[in-house]
Undergrad: 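I have a structure here, written as structure tokens, and I will follow up with some questions on it.
Numbers for residues simply follow the sequence, beginning at 1. Both backbone and side-chain heavy atoms feed into the values below; hydrogens, waters and symmetry mates do not.
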Amino acid sequence: MTRNMYINVSPCFTRIAIVENDILTELTIEGKSSRRLMGNIYKGRVTNVLAGIQAAFVDIGLKRDAFLYIHDILDPSRDPVQEGPGLVDGSDEFSEADLELDSELGGTAEALAEGVREKSIHELVQPGQKILVQITREPMEMKGARVTTHITLPGRYLVLMASSEHVGVSKRIESEQERTRLKQILEDIRPADSGLIVRTAAEGMSSREFMKDVAYLSRLCQQIRDDADRTAPPALIYHDLDTIPRVMRDQFDETFERVFIDSPDEYHACREFVGAFAPELIDRIRLYDRATPLFERFNLEQTLEEAIARRVALPSGGYLIFDDTEAMTVIDVNTGRYAGKQNLEETVLKTNLEAAEIIARQIRLRDIGGIIVIDFIDMELPANRTNVVERLRNSFLLDRSKVNISDFTQMGLVEMTRKRLKKSLSRTLLQSCPICHGSGKITAPQVAASNIIDALLNLKPIPHAHGLKVVVHPTIKGFIEKMKSLLDDHFRTMQLDFFLGEDERIHRDQHQVTWF
């Protein structure tokens, strides 16, 4: 598989595209005026504790209080370092804050919370308490950020868990011999009262590379503690790396053939940053300085438009429909114009298998999280349904976010969840229509006309007016004209002249009244 990275830097946005086998699979877009918050560490103050939902709200200085669930709280009785919930607990195979970095660390979040499972939230935090927390999910619409006291600090090869003594190895490192070797190295270099997790990029590395990470992360951890001790809440204590160095730290490795950057300043900064931990990869970073824009030159702009479209075409002629709701994302698979060559079951299977691969790519590209329901085309044979689910699961193997996929339900649907850590691509690039308020529908013209007529019949005249002119959209005017005699009679009794005009610039639901 060939992999390339394309980094476009503009005055407003930084866009990072990852292309695998000439197919765009991941896209990161971050605005210059709105830096990412996930991974940031704050000193906050607990504002409210709700026993009914076993959660607390924490003021960390953002627009809305952050949400702290009981399973995201470190039991202070197990923390030898801080008086209250503070810098981290861990597990052998999991780091919540590292999910975006390496989903292969597994789904053992429950292990992190084992010590607090039988306790009440009131035993762990109280209103007014000062607390050190880390953002694990960005604020979204009306929801505040989700935070944890299980703070983790990622490096190039390791993740440091400051108050744990566990060691673990990424689940994507499959060789048992290599896992044993790495765990032994961690046991030898692990700082006191700290835990370590080996990331995927560390496979085959020696203890020398790990020691650099340990030294850097230990200094950073101590600096965070010192800053937190002398800072009053709410306050930002630590901000994670900016977009480009963070992506280079977390994703750039020997699997990439080239990295193209169209900003000379970012190009030199990137080479210097990568040279500190992977000097052998520096020559793969190239400055793009041609006249044709980078994303246009490599045909990425068109793919970006597809990534926010409701309808996505399949190569066979079928298509997908993506509908985003408050609670979930629904994906519908359709055969379209594809008729197949043998029989209906063969046609449906081919379309569904093709759709499974495109759906996985689109979910990664759009960064869709939460509950996802897929309505594949109905299939008669159980073996075909199994093949489709397996194709879908295999298509997510390279996804860095945690994914759970069910088999077909009795209703013929496939349900899945994907770890939601930030806004999806569509919510980053698009906003709800101010007219339809995100429903995608507007009032039927006859209904809009009826509403306008009702409003006119209830209109109160202004003093000294002799008449009024009402302007509506052209598609509405015809419906109102059918009732114009009623309006003429109504305003005549009020000794007012009535005129009806049209203007295509006016929305169909609206009307404009001018008195004279």
Side-chain angles (χ1 to χ4, degrees), residues 1-5 16-28 93-96 98-109 154 157 159 168-176 178-179 182 197-204 247 250-257 303 307 312 314-315 320 322 329 331 333 349-374 376 383-408 414-422 424-425:
M1 180 176 67
T2 60
R3 303 182 79 199
N4 290 294
M5 187 183 300
I16 303 178
I18 294 178
V19 175
E20 300 170 354
N21 292 335
D22 297 323
I23 297 176
L24 178 62
T25 56
E26 291 188 41
L27 184 66
T28 299
E93 298 177 322
F94 179 79
S95 165
E96 179 75 25
D98 198 45
L99 271 174
E100 187 188 43
L101 311 177
D102 282 302
S103 64
E104 70 276 8
L105 294 182
T108 57
Y157 301 115
V159 177
V169 178
S170 162
K171 283 191 172 181
R172 289 192 177 180
I173 299 177
E174 298 179 352
S175 168
E176 285 301 323
E178 177 67 0
R179 294 175 66 84
L182 292 171
I197 293 176
V198 175
R199 302 185 62 192
T200 308
E203 186 170 9
V247 171
D250 296 339
Q251 295 184 254
F252 183 48
D253 56 26
E254 66 280 352
T255 64
F256 285 89
E257 291 187 352
T303 309
V312 176
L314 298 176
L320 308 173
F322 286 78
T329 299
I331 304 172
V333 183
L349 176 61
K350 178 177 173 58
T351 303
N352 283 340
L353 289 173
E354 192 176 71
E357 294 182 2
I358 303 297
I359 285 171
R361 177 162 66 88
Q362 285 291 323
I363 287 175
R364 290 177 60 195
L365 181 58
R366 297 169 185 241
D367 207 0
I368 298 173
I371 301 172
I372 303 168
V373 176
I374 307 171
F376 285 104
N384 289 343
R385 292 194 289 270
T386 300
N387 288 341
V388 170
V389 172
E390 286 303 309
R391 179 71 62 89
L392 183 66
R393 287 174 177 152
N394 291 336
S395 298
F396 276 104
L397 290 178
L398 294 178
D399 193 353
R400 295 180 299 118
S401 291
K402 181 182 176 184
V403 175
N404 289 311
I405 301 174
S406 72
D407 292 323
F408 275 86
V414 172
E415 300 170 356
M416 61 173 289
T417 60
R418 185 173 183 266
K419 185 70 176 180
R420 175 183 286 157
L421 300 169
K422 58 182 178 179
S424 65
L425 187 63

Undergrad: According to side chain to side chain contact (heavy atoms under 4.5 Å, CB included), who are the partners of Arg391, at least two apart in sequence or on a separate chain?
TA: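 Counting only residues at least two positions away or on another chain, Arg391 forms a side chain to side chain contact (heavy atoms under 4.5 Å, CB included) with Leu353, Ala356, Glu357, Ser395.
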
Undergrad: If you define the side chain from C-beta out and look only at heavy atoms, does anything of Val389 sit under 4.5 Å from Arg385?
TA: no

Undergrad: Identify, with sequence neighbours excluded, every residue that meets side-chain hydrogen bond (donor to acceptor under 3.5 Å, both in side chains) alongside Asn394.
TA: none

Undergrad: Assess whether side-chain contact (heavy atoms from CB on, under 4.5 Å) is satisfied between Ile331 and Gln362, documenting all intermediate values.
TA: CA-CA 11 Å; Ile331 304 172; Gln362 285 291 323; over 6 Å; no

Undergrad: What are the two closest heavy atoms between Arg199 and Pro154, and how far apart are they?
TA: NH1-CB, 4.4 Å

Undergrad: Sequence neighbours excluded, which residues qualify as side chain to side chain contact (heavy atoms under 4.5 Å, CB included) partners of Glu178?
TA: Ile173, Ser175, Arg181, Leu182, Glu203

Undergrad: For Glu415, check side-chain hydrogen bond (donor to acceptor under 3.5 Å, both in side chains) against everything at least two apart and list the hits.
TA: none

Undergrad: State the CG-CD distance between Asp407 and Glu390, to the nearest 0.5 angstrom.
TA: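 The CD atom of Glu390 is 8.0 Å from CG of Asp407, to the nearest 0.5 Å.
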
Undergrad: Side chain to side chain contact (heavy atoms under 4.5 Å, CB included) with Asn21: which residues, sequence neighbours excluded?
TA: Met1, Thr2

Undergrad: Calculate, to the nearest 0.5 Å, the distance between atoms CG and CD1 belonging to Leu27 and Ile16 respectively.
TA: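 Those atoms lie 9.0 Å apart.
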
Undergrad: With Glu26, which residues qualify under side chain to side chain contact (heavy atoms under 4.5 Å, CB included), at least two apart?
TA: Ile18, Gln251, Arg364, Arg400

Undergrad: So that I can tick it off, tell me whether Asp367 and Arg418 are bridged by a salt bridge, with the cut-off set at under 4.0 angstrom between side-chain N and carboxylate O.
TA: yes

Undergrad: At what distance, to the nearest 0.5 angstrom, does CG of Asp253 lie from CZ of Arg3?
TA: 6.5 Å

Undergrad: Could you grab the distance from atom OG1 of Thr200 to atom OH of Tyr157, nearest 0.5 Å is fine?
TA: 12.5 Å

Undergrad: Using only atom types and a distance under 3.5 Å, with no angle test, would you say the side chain of Arg179 pairs donor to acceptor with the backbone of Ser170?
TA: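 Here the side-chain-to-backbone pair exists.
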
Undergrad: A side-chain contact here means heavy atoms from C-beta on lying under 4.5 Å apart; do Val333 and Leu320 qualify?
TA: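 Side chain of Val333 against side chain of Leu320, heavy atoms only: contact under 4.5 Å found.
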
Undergrad: To check you understand the geometry: which heavy-atom pair defines the closest contact between Phe376 and Ala355, and what is its length?
TA: CE2-CB, 4.2 Å

Undergrad: Assess whether atom CD1 of Ile371 is packed by more than 12 heavy atoms of other residues, nucleotides or ligands within 6.0 Å.
TA: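 Open: at most 12 neighbouring heavy atoms sit under 6.0 Å from CD1 of Ile371.
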
Undergrad: Can you check whether Val312 reaches Arg361 side chain to side chain, under 4.5 Å on heavy atoms?
TA: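 Of all side-chain heavy-atom pairs linking Arg361 with Val312, none is under 4.5 Å.
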
Undergrad: Once you round to the nearest 0.5 Å, how far does CG of Asn4 lie from CG of Leu24?
TA: 12.0 Å

Undergrad: Quickly, which of Ile359, Asn352, Ile363 forms a side-chain contact (heavy atoms from CB on, under 4.5 Å) with Leu392? Name it, please.
TA: Ile359

